[in-house]
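Have a look at the structure below before the remarks.
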Amino acid sequence: MSVVKEQDHQNNQAGQTAMKRLSKPIKVWVTIAQVLTIFSALLAFVPYLALVWLGDIFLSVQMAGEQLRAEQVHEVVELLIMAFLSRLFFHALSLIITHFADMKLRFVIRQQIVSRLSRVPLAWFSQTDSGKIRNAVQDDTKTVHTVVAHAPVDVLNGVLSPLVLLVFMFVVNWRLALVGVATIPLYFFLQGLSMKDMGPKTAEMNRHLAKVSSSMIELVAGIKVVKAFGKTGEAHQNYQEATKDFSQAYWEWCAPLIGLCSVAGELISVPLLLLINLGGGALLFVAGFASLPQVLACTLIAIVLPVAISSVANTTWSYQMAGAAAVRLCNIMDIPVIPETNSPKQPNGLTVQVQNVTYSYGDTRALNDVTLTLKPNTITALIGPSGSGKSTLATLIARFDDPQSGSICLGGVDLRDISSQTLYNNIAFVLQDPMLMNASIRRNISLAKPDATMDDVRRAAKVAQIDDYIMSLPKGYDSVLGTDCLLSGGESQRISIARAILADAPILIMDEATAFADPDSELEIQKALSTLIQNRTVLVIAHRLNAILGADQIAVMENGNIVAVGTHQELLHHPHYQALLRQGGFPDDKEGEENHE
Ligand SMILES: Nc1ncnc2c1ncn2[C@@H]1O[C@H](COP(=O)(O)OP(=O)(O)OP(=O)(O)O)[C@@H](O)[C@H]1O
């Protein structure tokens with residue numbers, strides 16, 4: 001087997017396994033619906049039986065030159081009504097059950113995803129494209145639920161009904177049955193021929209399609225940057241090349257299909273089937289091998305058989321598509337989660353101890369045997385070059401993830417032994433990413449204290465220097481972010497500061513992030529931050545010299561290590577510290593430094 005075929009086969013297997021796993025919660029319901037479908041399918045032949053029966057009655061009455069009497073057709077009509085009602089009952093019941101299963105499945109999948117996402121490390125979200133999660137919750141769930149809940153019933157019906165009709169045809173008249181199915185083997189042969197090597201070709205076409213999508217996203221997402229550098233033509237060119245490649249692949253994919261499929265389609269088309277079956281039927285009738293009602297019934301069956309067969313083929317196709325979606329959903333459901341302790345302990349005090357912590361993102365070592373203590377009511381400034389591990393250390397203290405080795409303790413208790421409720425009652429954070437939700441401003445601010453009054457929320461917003469702005473919005477605190485208003489970087493930061501102020505946690509982890517702010521709001525953010533840090537244990541990723549000078553201790557990071565810890569005075573002669581000051585990481589306070597010395 002070629003590598004591509006092997007890969008396709010493996011993908012297919014993985015898809016089937018994922019579908020089986022997802023269908024578990026509704027297995028019983030789908031099985032009940034299948035049983036009802038079997039009953040319904042078994043009755044599929046009754047109308048044709050009635051047709052033959054009625055035809056025989058009509059003919060015999062006509063031959064005898066008599067008048068047709070109602071009682072002669074009573075039994076047939078009763079049989080027809082009974083069969084119709086039973087089929088309707090089984091079919092309707094099976095539909096109700098599959099729709100119920102369908103709803104249940106959607107609910108279960110979405111619930112499992114949400115429950116999983118609420119337990120995955122916060123760090124996972126910063127590494128994962130949110131579009132991927134949205135696709136899984138919306139599109140993949142939609143693709144999977146229809147197939148998982150409906151396909152087993154539809155396929156069973158699609159296979160069993162034609163089978164029953166086929167058996168019926170052979171029972172009624174095997175010669176007519178042979179005429180009825182005469183074109184089907186040739187149809188399958190041509191279809192098989194056209195589908196040969198379709199797997200790898202479809203995979204290749206999907207690859208090209210993905211390229212078109214990504215170059216389109218690239219074009220739209222980067223249009224501002226690209227335009228600013230006058231490279232619009234280049235970005236268009238990437239997209240044009242991708243679409244050209246896709247057109248080529250698409251043509252190679254569908255060209256062999258066109259000829260063979262159209263011939264195959266003709267073989268099961270109604271005019272041809274009528275011609276063959278009525279023609280063949282007429283010959284058999286003349287030869288005395290078939291009656292007129294038999295010819296009529298078998299011709300009608302011969303026409304409906306291919307429709308049922310092709311509906312099964314379509315369902316099989318959507319089964320394959322759903323396989324890939326099911327794998328993506330299972331991958332999300334299997335994201336490793338942050339374990340929540342079953343026997344939480346209460347921290348004894350507010351000292352934060354980072355002990356021999358090592359942390360890697362995949363193969364990238366971000367922290368290397370880091371040890372640091374944050375004493376209660378002190379400010380620790382974390383400084384170091386870009387990529388030295390400052391954000392990683394700060395976010396581990398807020399348990400965005402667990403270290404691979406070493407421990408982080410709050411009040412002498414490992415964070416892993418503290419409930420998340422207790423942890424986030426004690427630790428608040430203001431990071432570069434303000435972490436705002438598409439909810440009202442009030443809800444965003446009161447996230448850690450949902451029962452806070454409007455006065456509390458406004459008080460926090462006032463300290464964060466954002467109350468005036470919020471009140472100037474038409475809907476004030478009820479404005480929904482992203483819908484009623486769009487915030488600047490500085491405004492978002494001040495909302496996140498207001499949230500931390502309202503949370504009033506004794507420990508504060510913050511990135512002195514003025515990076516997004518414009519010069520006007522920088523001053524306001526600094527004001528808000530200086531109020532926020534009063535009387536708290538603070539770890540600040542410092543970007544200004546003033547923040548460093550005001551700290552009780554400064555930790556200097558380099559390549560994932562803490563290379564020096566001390567006060568400004570103690571570190572003045574440390575080469576790393578000197579280098580950081582010299583390199584101009586803190587350009588705004590040269591005077592401050594001199595005054596301090
Ligand atoms: N999500 C991630 N996936 C992979 N590697 C990462 C990720 N985040 C950070 N890193 C890597 O980990 C190391 C430490 O990064 P970190 O963001 O903690 O440094 P930093 O000192 O905060 O940098 P900066 O000042 O630029 O924000 C770097 O080598 C970085 O490339």
Side-chain angles (χ1 to χ4, degrees), residues 119-127 335-429 431-432 505-511 536-542 551-566 571 574 576-577:
R119 287 180 296 139
V120 301
L122 281 169
W124 181 84
F125 291 96
S126 59
Q127 293 158 33
I335 304 165
V337 294
I338 282 241
E340 180 87 20
T341 175
N342 289 326
S343 43
K345 295 182 186 152
Q346 281 301 320
N348 184 16
L350 291 170
T351 303
V352 176
Q353 279 172 302
V354 179
Q355 285 161 339
N356 308 102
V357 162
T358 297
Y359 184 85
S360 302
Y361 298 94
D363 293 336
T364 311
R365 176 64 66 92
L367 294 180
N368 201 10
D369 202 22
V370 165
T371 294
L372 182 71
T373 301
L374 314 182
K375 291 200 187 117
N377 289 325
T378 62
I379 297 173
T380 301
L382 210 51
I383 62 170
S386 180
S388 55
K390 305 181 295 289
S391 304
T392 306
L393 177 56
T395 48
L396 286 191
I397 292 175
R399 208 180 174 207
F400 276 30
D401 205 349
D402 286 332
Q404 276 110 24
S405 67
S407 65
I408 300 176
C409 296
L410 169 64
V413 181
D414 195 309
L415 297 189
R416 287 171 275 219
D417 296 326
I418 299 175
S419 72
S420 51
Q421 173 92 36
T422 308
L423 181 67
Y424 295 117
N425 280 345
N426 279 295
I427 296 185
F429 36 86
L431 301 173
Q432 277 201 6
I507 299 167
L508 178 69
I509 310 291
M510 69 180 210
D511 193 329
R536 290 182 213 276
T537 307
V538 179
L539 176 76
V540 53
I541 299 176
D552 298 291
Q553 69 171 351
I554 300 159
V556 185
M557 294 201 71
E558 176 88 37
N559 269 336
N561 298 296
I562 291 194
V563 288
V565 181
L571 293 176
H574 194 284
H576 280 101
Y577 191 60

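Please read all numbers here as calculations on a predicted model, not as lab measurements. Basis for what follows: all heavy atoms, side chains included, without hydrogens, waters or symmetry-related copies.
- If you take CD1 on I397 and CD on Q353, they are separated by 11.5 Å, rounding to the nearest 0.5 Å.
- In this structure a side-chain-to-backbone donor-acceptor pair under 3.5 Å is present from D414 to R416.
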Open item on the list: Working note: N559 + N368, criterion side-chain contact (heavy atoms from CB on, under 4.5 Å); need CA distance, chi angles, decisive distance, verdict.
Closed with: CA-CA 8 Å; N559 269 336; N368 201 10; over 6 Å; no
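- At least one side-chain heavy atom of Y577 sits less than 4.5 Å from a side-chain heavy atom of I554.
- Under the 3.5 Å distance criterion, the side-chain polar atoms of T395 are matched with a main-chain donor or acceptor of S391.
- One finds the CG atom of L382 at 5.0 Å from the CG atom of L539 (value rounded to the nearest 0.5 Å).
- For the pair V354 and T371, the minimum side-chain heavy-atom distance is 4.5 Å or more.
- A heavy-atom distance below 4.5 Å is not found between the side chains of V370 and N561.
- Partners of Y424 according to the side-chain hydrogen bond (donor to acceptor under 3.5 Å, both in side chains) rule, which considers only residues two or more places apart in sequence or in another chain, do not exist here.
- When all heavy atoms are compared, the tightest approach of G384 to K390 is O-NZ, 2.9 Å.
- N426 places a side-chain N or O within 3.5 Å of a backbone atom of T422 that can act as its donor or acceptor partner.
- Of the possible donor and acceptor atoms, one in the side chain of D552 sits under 3.5 Å from a partner among the backbone N and O of I379.
- The shortest side-chain heavy-atom distance between L372 and L393 falls under the 4.5 Å cut-off.
- Taking every heavy atom of both residues into account, S419 and T341 meet most closely at N-CG2, 4.3 Å.
- Between P376 and T351 there is a side-chain heavy-atom pair separated by less than 4.5 Å.
- To the nearest 0.5 Å, the span separating CD1 on I418 from CD on E340 amounts to 10.5 Å.
- Closest heavy-atom contact between G566 and L571: O-CD1, 3.6 Å.
- Only one option out of V357, I562, N356 pairs with D369 in a side chain to side chain contact (heavy atoms under 4.5 Å, CB included); it is N356.
- For F400 and Y359, the ring centers are positioned 6.0 Å apart or more.
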TODO: Go through the steps for D401 and L396 under the test side-chain contact (heavy atoms from CB on, under 4.5 Å), then give the verdict.
DONE: CA-CA 6 Å; D401 205 349; L396 286 191; 4.0 Å; yes
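- The closest side-chain heavy-atom distance from M510 to I541 is not below 4.5 Å.
- Atom CD1 of I338 sits about 9.5 Å away from atom CG of L415, to the nearest 0.5 Å.
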Open item on the list: Is there a side-chain contact (heavy atoms from CB on, under 4.5 Å) between L367 and T358? Walk through the geometry before answering.
Closed with: CA-CA 5 Å; L367 294 180; T358 297; 5.8 Å; no
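- If you take CZ on R536 and CG on L374, they are separated by 15.0 Å, rounding to the nearest 0.5 Å.
- Of the possible donor and acceptor atoms, none in the side chain of R399 sits under 3.5 Å from a partner among the backbone N and O of L423.
- Annotation: side-chain hydrogen bond (donor to acceptor under 3.5 Å, both in side chains) contacts involving residues 373-388, sequence neighbours excluded, comprise T380-Q553.
- Looking at every heavy atom in both residues, V352 comes nearest to L410 through CG2-CD1, 4.1 Å.
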Task: Audit row: S407, Q355, side-chain hydrogen bond (donor to acceptor under 3.5 Å, both in side chains) steps and yes/no - done: CA-CA 5 Å; S407 65; Q355 285 161 339; 3.1 Å; yes
